[in-house]
**Q** 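Sharing a structure with you now.
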Amino acid sequence: MGNIIAFDLGASSGRAMLGRLIDGKIEITELHRFSNDPVQVGDRLHWDILRLYHEIKQGLLIAKNKGIEVSSIGIDSWAVDFGFIGKNGELIGNPYHYRDRHTENMMEKLFTELPASEIFGRTGIQFLQFNTIFQLFALKQANSPWLQEGNRFLMIPDLLRYFLTGEMHNEFSNATTTQLYNPVQGNWDKELLKQLDLPDSWFGDVLQPGSEAGMLQASVCDELGIPSIPVYAVAEHDTGSAVAAVPATDRSFAYLSCGTWSLMGTEVQEPVINETAQKLNFTNEGGVEGTYRLLKNIMGLWILQESRRVWEKAGQSYSFPELVQLAGAAKPFGAFIDPDHSLFLAPGDMPARIAQYCRETGQQAPETVGEIVRCILESLALKYRFVFEMTERLSEQQFNGLHMVGGGIQNTLLCQWSANAIGKPVWAGPSEGSAIGNMAVQWIAQGVFNDIWEARQAIRDSFPIVEYKPEEQELWGHAYDRFVKLTRIAE
């Protein structure tokens with residue numbers, strides 16, 4: 001069955017993955033992998049969007065040079081970030097990185113003008129300081145020329161699709177993350193845009209995952225020497241694609257997309273927008289086939305990634321397997337952090353911030369590399385239990401276990417500790433969840449699969465799933481009680 005390419009862009013790297021169906025089994029091959037490094041310019045942190053576009057073209061060129069005929073492509077990436085296209089059709093400035101500090105205090109400032117309850121009631125999206133709504137509000141406060149010169153608002157995959165096709169569309173799963181989309185109305189919330197003084201003309205038609213979003217334009221085909229091919233709007237928020245790849249058998253399931261960010265939740269047919277959801281700071285993001293992802297963001301392996309970067313800078317180079325080995329040898333339950341504390345959001349010296357957090361919460365700070373890594377991973381696993389139980393409460397469901405997908409499942413210690421923490425099995429796989437979910441939606445659009453459940457069956461048949469059974473229940477139960485008390489996350 002024809003070759004398709006999923007361009008899967010993460011917060012630290014991107015990849016072009018080739019997908020094929022052979023005898024009903026999905027086979028994936030990495031064609032091209034590249035770094036995605038944010039660029040600091042003065043006080044601003046940007047994404048290098050043109051570099052990403054260049055790497056996408058390199059992926060297409062590699063496929064051509066390998067003699068691979070591609071029948072379609074799709075692009076997924078992280079959420080919330082965006083750029084503006086001017087009246088002349090050109091990009092205005094490099095998009096800001098969601099960790100840029102220009103949104104600091106903007107959430108609280110906007111709430112003085114527009115109540116949080118009204119924003120949540122209209123959008124069903126959890127409050128995070130880097131959400132698109134607060135980025136746009138920050139640009140207005142700074143009187144940014146982007147807002148004066150901008151003609152169309154496009155999110156990261158929208159931008160890259162536009163460069164490839166010349167067509168401007170917004171996609172559903174990513175549009176919902178902006179906190180400007182009304183899931184009840186099924187469109188951009190024009191009343192909210194009016195209250196924020198944002199022109200609704202910026203925001204275009206919203207395509208559902210699986211819609212054809214254009215063809216490679218002539219300039220791209222001429223440059224690369226390739227024929228024009230369809231570009232599909234997939235679930236372009238990478239978590240939406242990852243959830244599409246969850247190999248669940250039960251329609252009621254819990255998932256954890258584990259990488260730089262950890263995103264835990266369940267798939268629902270209708271958004272859950274009520275006082276409890278707002279209080280628990282859950283979010284309702286668009287999924288495939290009109291579903292919603294009721295979930296909560298957790299900081300994820302970002303803290304470990306940043307710690308590793310700090311150690312490398314100091315001349316201590318560790319691979320991730322080495323760090324996991326050191327953590328396994330360290331003393332258990334020495335100290336805990338809340339991974340979602342504001343201390344850990346911005347780039348920086350995470351080992352020093354962990355020590356600061358421990359001092360402020362009356363704990364002995366971890367000192368060795370192994371102790372620090374163990375603190376991070378145990379704290380993540382225990383936070384997963386907290387959010388897992390909140391997901392059950394909010395969705396009024398009881399889950400038999402947890403499906404983990406994404407690159408984080410290569411950390412076998414985290415998978416086992418997650419099972420220990422929640423007291424239920426963890427089913428880990430596939431690791432390339434976002435790319436595979438991206439492919440699944442392309443194949444559904446082409447009529448290869450009838451729906452997402454048929455695609456999930458194929459995914460289940462094609463990739464190994466490792467089951468982790470809970471161990472040391474009593475020890476982890478006591479640790480969880482200490483974790484909740486020390487971090488005060490239940491208050």
**Q** Does R460 count as lying over the ring of W427, i.e. NZ or CZ under 6.0 Å from the six-ring centre, within 45 degrees of the axis?
**A** no
**Q** F111 vs F127, test: ring-ring contact (aromatic ring centres under 6.0 Å, His included). Steps then yes/no.
**A** CA-CA 11 Å; F111 291 161; F127 292 104; 5.1 Å; yes
**Q** For a quick check under 3.5 Å, do Q278 and S117 share a side-chain donor-acceptor pair by atom type?
**A** no
**Q** By side chain to side chain donor-acceptor pair (under 3.5 Å), which residues pair with Q269, not counting sequence neighbours?
**A** none
**Q** Enumerate the ring pair (Phe, Tyr, Trp, His ring centres under 6.0 Å) contacts for residues 4-28, please, sequence neighbours excluded, ordered by first and then second residue.
**A** none
**Q** Is there a side-chain contact (heavy atoms from CB on, under 4.5 Å) between I156 and I49 once you walk through the steps?
**A** CA-CA 8 Å; I156 297 300; I49 191 71; 4.0 Å; yes
**Q** Answer yes when R161 and E236 have at least one side-chain N-carboxylate O distance shorter than 4.0 Å, and no when they do not.
**A** yes
**Q** Going by an N to O cut-off under 4.0 Å, is there a salt bridge joining R33 and E432?
**A** yes
**Q** Sequence neighbours excluded and cut-off under 3.5 Å, please list the side-chain donor-acceptor pairs for residues 465-477, or say none.
**A**
{"from": "Q473", "atom 1": "NE2", "to": "N420", "atom 2": "O", "distance (Å)": "3.2"}
{"from": "Q473", "atom 1": "NE2", "to": "E471", "atom 2": "O", "distance (Å)": "3.4"}

**Q** Is atom CD of Q325 surrounded by more than 12 heavy atoms (other residues, nucleotides or ligands) closer than 6.0 Å?
**A** no
**Q** Extract all donor-acceptor atom pairs below 3.5 Å that involve side chains of residues 401-413 and protein atoms in other chains or at least two apart in sequence.
**A**
{"from": "Q410", "atom 1": "NE2", "to": "G407", "atom 2": "O", "distance (Å)": "3.4"}
{"from": "N411", "atom 1": "OD1", "to": "L413", "atom 2": "N", "distance (Å)": "3.3"}
{"from": "N411", "atom 1": "OD1", "to": "L414", "atom 2": "N", "distance (Å)": "3.0"}

**Q** Does any donor atom in the side chain of Q356 or E360 lie under 3.5 Å from an acceptor atom in the other side chain?
**A** yes
**Q** Any salt bridge linking R20 with E27? Criterion: basic side-chain nitrogen under 4.0 Å from a carboxylate oxygen.
**A** no
**Q** Quick one: pull up CG in L294 and CG in L394 and give me the separation to the nearest 0.5 Å.
**A** 5.0 Å
**Q** I need the single residue from F137, W78, W261, Y96 that forms a ring-ring contact (aromatic ring centres under 6.0 Å, His included) with F130. Which is it?
**A** W261
**Q** Would you please test N170 and Y181 for side-chain contact (heavy atoms from CB on, under 4.5 Å) and show each step?
**A** CA-CA 11 Å; N170 296 106; Y181 183 94; over 6 Å; no
**Q** Assess the residue pair R393 and T276 against the criterion (side-chain contact (heavy atoms from CB on, under 4.5 Å)); give the C-alpha distance rounded to whole Å, side-chain angles, the decisive distance to 0.1 Å, and a yes or no.
**A** CA-CA 10 Å; R393 173 185 165 194; T276 304; 4.1 Å; yes
**Q** Under the rule for ring pair (Phe, Tyr, Trp, His ring centres under 6.0 Å), what residues qualify as partners of Y292, not counting sequence neighbours?
**A** F172
**Q** Ignoring hydrogens and geometry, is there a side-chain-to-backbone donor-acceptor pair from S434 to D238 under 3.5 Å?
**A** yes
**Q** Quick one: list whatever passes side chain to side chain donor-acceptor pair (under 3.5 Å) with T361, sequence neighbours left out.
**A** Q363
**Q** Starting at CD of E285, measure out to NE2 of H237 and round the result to the nearest 0.5 Å.
**A** 5.5 Å
**Q** So which pairs with a foot in residues 72-82 pass salt bridge (Lys or Arg N to Asp or Glu O under 4.0 Å), sequence neighbours left out?
**A** none
**Q** Is there any salt bridge (Lys or Arg N to Asp or Glu O under 4.0 Å) pair reaching into residues 118-130, and which pairs are they, with sequence neighbours excluded?
**A** E118-R122, R122-D189
**Q** Looking at F344, I'd like to know if the NZ or CZ of R353 sits under 6.0 Å from its six-membered ring centre while staying within 45 degrees of the ring's axis.
**A** no
**Q** Quick one: does T132's side chain have a donor or acceptor within less than 3.5 Å of a partner on V80's backbone?
**A** yes
**Q** Run F282 and V387 through side-chain contact (heavy atoms from CB on, under 4.5 Å) and show every step you take.
**A** CA-CA 9 Å; F282 265 65; V387 177; 4.1 Å; yes
**Q** Would the distance check show the side chain of N438 and the main-chain N or O of G74 forming a donor-acceptor pair, the cut-off being under 3.5 Å?
**A** yes
**Q** For Q446 and S72, which I'm curious about, is there any donor-acceptor pair between the side chains at under 3.5 Å?
**A** yes
**Q** To the nearest 0.5 Å, tell me how far I337 CD1 sits from L343 CG.
**A** 9.5 Å
**Q** Between E306 and R309, is there a side-chain N and carboxylate O pair less than 4.0 Å apart?
**A** yes
**Q** Ignoring hydrogens and geometry, is there a side-chain-to-backbone donor-acceptor pair from N281 to L128 under 3.5 Å?
**A** no
**Q** So, using side chain to side chain donor-acceptor pair (under 3.5 Å) as the criterion, who are the partners of D461 when residues are at least two apart?
**A** Q457
**Q** So, using side chain to side chain donor-acceptor pair (under 3.5 Å) as the criterion, who are the partners of R51 when residues are at least two apart?
**A** E55
**Q** What is the distance from atom CG of L136 to atom CG of L180, rounded to the nearest 0.5 Å?
**A** 6.5 Å
**Q** Could you note down all residue pairs passing salt bridge (Lys or Arg N to Asp or Glu O under 4.0 Å) where residues 266-282 supplies at least one of them, sequence neighbours left out?
**A** E267-R456
**Q** Return the OG to CD1 distance between S462 and I28, rounded to the nearest 0.5 Å.
**A** 9.5 Å
**Q** Does anything in residues 371-387 pair up under salt bridge (Lys or Arg N to Asp or Glu O under 4.0 Å), and if so which pairs, sequence neighbours excluded?
**A** D338-K383, D340-K383, R374-E378, R385-E389
**Q** Working to the nearest 0.5 Å, report the span between OG of S262 and CG of L380.
**A** 5.5 Å
**Q** With no hydrogens and no angle check, is any side-chain donor or acceptor of D100 less than 3.5 Å from a backbone partner on H102?
**A** yes
